[in-house]
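One structure below.
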Protein chains: 2
Amino acid sequence: MNTKDLNNEEIKKLFGATVRKLRTEKAFSQEVLAEKTGLHRTYISDVEQGERNLSLVNIFKFCNALEISPADFFKLMEEA
Amino acid sequence: MNTKDLNNEEIKKLFGATVRKLRTEKAFSQEVLAEKTGLHRTYISDVEQGERNLSLVNIFKFCNALEISPADFFKLMEEA
DNA sequence: CTGTGACTTTTAGTCCGTG
DNA sequence: ACACGGACTAAAAGTCACA
């Protein structure tokens, strides 16, 4: 999959789907992930729905909480 | 380098430094990169200075303009 | 060609709740 | 445990004149 072909909506959706994939693999609830990231629970929901264009430092918070490096996160995302 | 140890300022600075590294390697001016990303010239400058916490879709614009996948971009960033 | 401060508009992100 | 909404505040997006 070539990320160059993604439009803005697709980028957000794919990011959210990757978060959800990793979160459910680790059997975290959204609330637990909210706690680990320090972000609000409704925000986690929105991100997973692909409705948020989150910022760089929050991307890192998600990666840390999901115990994956940003590079590996995006690799997974690109493999989707 | 473990990205878990980076604070917010360091994340932005490291991102900016990585953009600058790739841009100068390709011998692009900030103005050329601005054109390729569709973003404003001064915004590029701010990002490279680590003064912007840019969002997911703009990260992708930078990667596309710099002809690198997001996964490879962050890999480079983590190797710094 | 690039850095900076100031600025307005848009959106990120929170917090209250509902089914 | 999650989706969704309304209302709100903080911060990002985006532009400009000037150094």
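So you know, we letter chains A, B, ... as the sequences are listed, proteins then strands, and number each from 1. For the numbers below, each heavy atom of this structure counts, side chains included, while hydrogens, waters and symmetry mates do not.
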Donor-acceptor pair, [X] side chain versus [Y] backbone, under 3.5 Å?
| X | Y | result |
| --- | --- | --- |
| A:Asn53 | A:Lys12 | no |
| B:Asn7 | B:Glu10 | yes |
| B:Glu78 | A:Ala71 | yes |

Give the residues of residues 51-65 of chain B touching DNA chain C, defined as any heavy atom closer than 4.0 Å, sorted by residue number.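 B:Glu51, in order of number.
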- Which parts of residues 38-50 of chain B get close to DNA chain C, meaning a heavy atom less than 4.0 angstrom away?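 Heavy-atom cutoff 4.0 Å gives B:Arg41, B:Thr42, B:Ser45, B:Asp46, B:Gln49.
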Would a 4.5 Å heavy-atom cut-off, applied to side chains only, mark [X] and [Y] as touching?
| X | Y | answer |
| --- | --- | --- |
| A:Met1 | A:Leu6 | yes |
| B:Ile59 | A:Ile59 | yes |
| B:Ile11 | B:Lys13 | no |

### Query
Any chance CD of B:Glu35 has more than 12 other-residue heavy atoms, nucleotides or ligands included, within less than 6.0 Å?
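12 or below, so no.
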Practice task
Quick one: sort the A:Phe62 and A:Tyr43 rings into parallel, tilted or perpendicular, breaks at 30° and 60°.
Solution key: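 Tilted: the ring planes of A:Phe62 and A:Tyr43 meet at 30° to 60°.
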**Report entry** Contacting residues from residues 4-14 of chain B, given that a heavy atom lies under 4.0 angstrom of DNA chain D
**Finding:**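 Nucleic-acid contacts, sorted: none.
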Residues forming a side-chain contact (heavy atoms from CB on, under 4.5 Å) with B:Arg20, sequence neighbours excluded: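 For B:Arg20, the residues satisfying side-chain contact (heavy atoms from CB on, under 4.5 Å) (neighbours in sequence not counted) are B:Arg23, B:Thr24, B:Gln30, B:Glu48, B:Gln49.
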Leading and trailing nucleotides of DNA chain C with any atom under 4.0 Å from heavy atoms of chain A |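 Terminal contacting nucleotides, 5' to 3': C:dA12 to C:dG17.
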State which residue, out of B:Leu33, B:Thr37, B:Leu54, fulfils the side-chain contact (heavy atoms from CB on, under 4.5 Å) condition with B:Val19.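 Of the listed options, the one satisfying the test is B:Leu33.
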Under 4.0 Å, counting only non-hydrogen atoms across every strand here, what does B:Gln30 touch: a base, just sugar-phosphate, or nothing?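 The residue B:Gln30 makes sugar-phosphate contact but no base contact.
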For the atom pair [atom1] ([X]) and [atom2] ([Y]), what is the distance rounded to the nearest 0.5 Å?
| X | Y | atom1 | atom2 | value |
| --- | --- | --- | --- | --- |
| A:Asp46 | A:Arg52 | CG | CZ | 4.5 Å |
| A:Thr42 | A:Ile44 | OG1 | CD1 | 8.5 Å |
| A:Phe60 | B:Phe74 | CZ | CZ | 5.5 Å |

| said: Which heavy atom of B:Cys63 sits nearest to which heavy atom of B:Pro70, and what is that distance? | reply: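 Answer, listing the atom of B:Cys63 first, then B:Pro70: SG-CA, 3.7 Å.
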Practice problem: Please find the earliest and latest nucleotides of DNA chain D, in the 5' to 3' direction, that have an atom within less than 4.0 Å of any heavy atom of chain B. | Solution: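 On DNA chain D, the outermost contacted nucleotides are D:dA12 to D:dC18.
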Looking only at side chains, do A:Lys61 and A:Asn58 share a donor and an acceptor under 3.5 Å apart?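 There is such a pair between these side chains.
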